[in-house]
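Throughout, numbering of the chain's residues begins at 1 and tracks the sequence. In what follows, every heavy atom counts, from backbone to side chain, and hydrogens, waters and symmetry copies are set aside.
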Amino acid sequence: MAYNETLAEKVRNLLQGSQGLSEKQMFGGLAFMLNGNMACGVVGEELMVRVGPDNYQDALAERYTRPMDFTGRPLKGMVYVEEDAVEQDLDQWVNRGVEFAGSLPPK
């Protein structure tokens, strides 16, 4: 599956200068890792964000989100954010992923 290169570049620009930043092909798209932990990524036209299990239900209650169900089973703590929300709130969603990834021990 291809991913939106323009969206990936916008995420890359937001994360520029972050300590421990790397990129990895995952889930048929591109994942942005901080110290080895996935923070967010781009799959198709959508942003995927790792919000963590404690913030999962709150994230799903927001408009334009849905469970990340890449395998057919939802991955608790991971959400897809549709393109409409990404246009409005990309920095906020990326920051949510960074915050959760930053709370984990480095890999």
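- Taking CG from Leu47 and CG from Leu90, the interatomic distance works out to 6.0 Å, rounded to the nearest 0.5 Å.
- Every pair passing side chain to side chain donor-acceptor pair (under 3.5 Å) that includes a residue from residues 24-48 is listed here, sequence neighbours excluded: Asn4-Glu45, Glu46-Arg66.
- Taking all atoms of both residues into account, the shortest heavy-atom contact from Trp93 to Val51 is CZ3-CG1, 4.3 Å.
- In terms of heavy-atom proximity, Gly52 sits nearest to Phe100 at CA-CE1, 3.5 Å.
- Note that CG of Leu21 is 9.5 Å distant from CD of Gln16, once rounded to the nearest 0.5 Å.
- In terms of heavy-atom proximity, Met78 sits nearest to Tyr56 at O-CE1, 3.3 Å.
- Here Leu15 contributes atom CG and Phe32 contributes atom CZ; the two are 6.5 Å apart, rounded to the nearest 0.5 Å.
- Under the side-chain contact (heavy atoms from CB on, under 4.5 Å) rule, Val86 has a single partner from Val94, Val81, Val11, Val49, which is Val81.
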_Stepwise side-chain contact (heavy atoms from CB on, under 4.5 Å) check, Val43 with Tyr80_ = CA-CA 9 Å; Val43 175; Tyr80 284 128; 4.2 Å; yes
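- Residues Lys10 and Glu87 are in side-chain contact: their nearest non-hydrogen atoms beyond the backbone lie under 4.5 Å apart.
- Between Pro67 and Val79, the closest side-chain pair of non-hydrogen atoms is not below 4.5 Å.
- Under a hydrophobic-cluster definition in which Ile, Leu, Val, Met, Phe, Trp and Tyr are linked whenever side-chain heavy atoms come within less than 4.5 Å, directly or via other members, Leu34 and Leu104 are assigned to different clusters.
- Judged as a salt bridge (Lys or Arg N to Asp or Glu O under 4.0 Å), and not counting sequence neighbours, the contacts of Glu62 are Arg96.
- Rounded to the nearest 0.5 angstrom, Met48 CE and Cys40 SG are separated by 8.0 Å.
- Put simply, CG on Asp89 and CZ on Arg63 are 11.0 Å apart, with the number rounded to the nearest 0.5 Å.
- For the atom pair CG (Leu14) and CD (Glu9), the distance works out to 10.5 Å, reported to the nearest 0.5 Å.
- Counting non-hydrogen atoms of other residues, nucleotides and ligands closer than 6.0 Å to CD of Glu82 gives a total above 12.
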*Go through Met26 and Met33 one step at a time and tell me if the side-chain contact (heavy atoms from CB on, under 4.5 Å) criterion holds.*
CA-CA 11 Å; Met26 289 178 73; Met33 317 288 282; 4.1 Å; yes
